[in-house]
There are 2 protein chains.
Amino acid sequence: MARSAASKTQTRIQREKTELIMTAALEVFATFGYRGSTIDQIATEAGLSKPNLLYYFDGKQEIHTRLLEHLLDRWLAPLKSLDAKGEPIDEITAYVMRKLEMARDFPRESRLFANEILQGAPRIMEQISGPLKSLVDEKAAVIKSWSDAGLIAPIDPYHLIFSIWATTQHYADFDAQVSVILDHRAASRFEDAAMHLSEMFRRQLRPSAT
Amino acid sequence: MARSAASKTQTRIQREKTELIMTAALEVFATFGYRGSTIDQIATEAGLSKPNLLYYFDGKQEIHTRLLEHLLDRWLAPLKSLDAKGEPIDEITAYVMRKLEMARDFPRESRLFANEILQGAPRIMEQISGPLKSLVDEKAAVIKSWSDAGLIAPIDPYHLIFSIWATTQHYADFDAQVSVILDHRAASRFEDAAMHLSEMFRRQLRPSAT
DNA sequence: TGATCTTTTAACCAGTTGGTCAGAAAACCC
DNA sequence: GGGTTTTCTGACCAACTGGTTAAAAGATCA
């Protein structure tokens with residue numbers, strides 16, 4: 001009996017196979033969403049039989065839940081390291097760059113998250129209204145203090161954060177569209193996006209001479 | 001026999017029921033994606049029995065296809081009316097506002113589109129690489145000419161368009177997240193977003209004094 | 001009113017889905 | 001090597017899926 005959560009000491013095979021399954025499940029869930037994905041599909045992707053996969057996990061739901069739990073830590077890391085004591089515009093621009101790197105390096109995680117929110121976030125709502133909201137509130141306050149002090153242009157910190165999320169995640173979530181529209185220029189899309197976005201947010205944040 | 005595409009003269013009931021089904025299907029497909037949605041679910045949402053629904057449509061695929069066809073016209077309209085002869089910054093800002101209004105007034109259409117692209121756009125790729133790309137190329141050229149003429153700041157027109165799409169659609173596609181984070185301020189999210197985005201893009205586009 | 005055409009339903013079907021279980025095959029350990 | 005534990009598989013199941021069909025119910029119109 002393995003049954004994931006039950007045993008504490010894991011064998012080598014257990015570690016390898018659970019990891020294999022999680023990776024396969026990420027790929028499938030990120031593309032088809034929870035309801036659109038099947039255990040068979042995940043098993044095939046992982047190169048296992050369905051009963052074999054179910055030997056390691058209690059069911060479809062558990063795999064998905066585990067993926068989402070794992071996801072939020074990685075997801076919030078870039079915002080977490082926004083430093084209230086740093087130089088405001090550099091800090092925000094660096095945050096944008098970190099977020100864009102996430103879209104480039106972890107597009108499946110981005111799509112998994114997008115799929116979940118699109119569906120109304122039924123299985124992740126607690127994490128959104130809990131830790132995610134807390135962190136956003138905290139960092140929005142930091143940005144507001146910069147804004148109030150005149151270090152950056154007056155701005156609504158929440159909508160600024162939304163704009164950063166939207167513009168960066170777009171390159172992961174809408175990659176199918178982005179790649180087609182950019183066609184031969186698609187290879188350099190992340191470098192070009194980095195130039196574009198850093199310039200865009202810098203211009204927006206630079207305090208106007210008064 | 002009704003069978004949708006077949007007959008040309010439609011009865012009152014046919015018009016009403018097909019409309020009813022399309023609306024229900026939009027709601028369901030927008031939330032769960034193609035594979036995650038079931039005919040039964042759409043039928044229930046429309047207040048019909050499954051065989052009754054299938055009396056009006058040939059199958060799940062046909063309903064989805066019809067929705068996507070209908071979608072792109074509405075989707076491209078805001079960009080289509082970007083006028084090369086207008087005042088550049090006003091034209092682009094007005095485009096942003098039209099796009100934001102779409103996110104506010106047609107969130108289900110936005111999510112349907114998002115869901116399709118997330119999955120790699122399998123059922124809409126021709127429309128993306130055909131009419132959509134053509135239109136984007138055309139308008140990107142207009143924006144580039146403004147940029148070259150010094151009427152707006154130097155900018156990559158494609159990435160500007162992506163930023164406009166991303167920031168506006170975010171309020172429809174990620175509404176579950178946006179509403180929770182803004183909580184009591186959520187009621188005015190579209191007005192606030194309008195202020196934020198128009199200011200953001202204006203600042204970005206204003207030619208710097210040289 | 002009754003004949004005709006449209007709309008709706010119950011019953012059904014084959015394939016898929018999430019999940020179980022008994023036992024076979026490997027891996028591990030002495 | 002032999003015994004024990006872990007890993008894996010084929011066969012199976014009930015519920016659900018997309019879809020069909022024949023016939024009932026309802027609308028329409030002379």
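Fair warning: this is a prediction, and the values are worked out from it, not measured in the lab.
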Item to check | B:Gln169 and B:Arg111: side chain donor to acceptor below 3.5 Å | outcome: no
Checklist entry - Between atom NZ of B:Lys139 and atom CG of B:Asp83, what is the distance when rounded to the nearest 0.5 Å? => result 7.0 Å
Side-chain N or O of [X] versus OP1/OP2 of [N]: is the shortest distance under 4.0 Å?
X	N	answer
B:Tyr55	C:dT7	yes
B:Tyr56	C:dT8	yes
A:Gln14	D:dT6	no
A:Asn52	D:dT9	yes
A:Ser49	D:dC8	no

If I take atom [atom1] in residue [X] and atom [atom2] in nucleotide [N], what distance separates them, rounded to the nearest angstrom?
X	N	atom1	atom2	value
B:Glu62	D:dG19	CD	C1'	14 Å
B:Arg15	C:dT7	CZ	P	11 Å
B:Lys17	C:dT8	NZ	C1'	8 Å
A:Leu54	D:dC12	CG	P	19 Å
A:Leu53	D:dT6	CG	C1'	17 Å
A:Phe29	C:dG18	CZ	C1'	12 Å
B:Ile42	D:dG19	CD1	C1'	14 Å
A:Gln61	C:dT17	CD	P	18 Å

Checklist entry - Any idea which of D:dC8, C:dC21, D:dT20 is nearest the B:Pro51 side chain? => result D:dT20
Next on the checklist: Over 60° means perpendicular and under 30° means parallel, so tell me whether A:Phe29 and A:His64 are parallel, tilted or perpendicular.
Outcome noted: perpendicular
Checklist entry - Going by the angle between their ring planes, with limits at 30° and 60°, are A:Phe162 and A:His159 parallel, tilted or perpendicular? => result perpendicular
Checklist entry - Could you go step by step and tell me if A:Tyr158 and B:Asp192 meet the side-chain hydrogen bond (donor to acceptor under 3.5 Å, both in side chains) rule? => result CA-CA 10 Å; A:Tyr158 289 94; B:Asp192 296 344; over 6 Å; no
Taking N or O atoms only and anything under 3.5 Å, show me the protein contacts with nucleotides 13-17 of chain D, one pair per line.
none

Next on the checklist: I'd like to know whether B:Phe106 forms a side chain to side chain contact (heavy atoms under 4.5 Å, CB included) with B:Glu101, so could you lay out the CA-CA distance, the side-chain angles of the two residues, the decisive distance to 0.1 Å, and finally the verdict.
Outcome noted: CA-CA 8 Å; B:Phe106 305 102; B:Glu101 282 158 23; over 6 Å; no
Item to check | Residue whose nearest DNA chain D nucleotide is more 5′ - A:Leu48 or B:Tyr34 | outcome: A:Leu48
Checklist entry - Would A:Asp175 and A:His170 satisfy side chain to side chain contact (heavy atoms under 4.5 Å, CB included), going step by step from the backbone distance to the final call? => result CA-CA 7 Å; A:Asp175 185 57; A:His170 189 81; over 6 Å; no
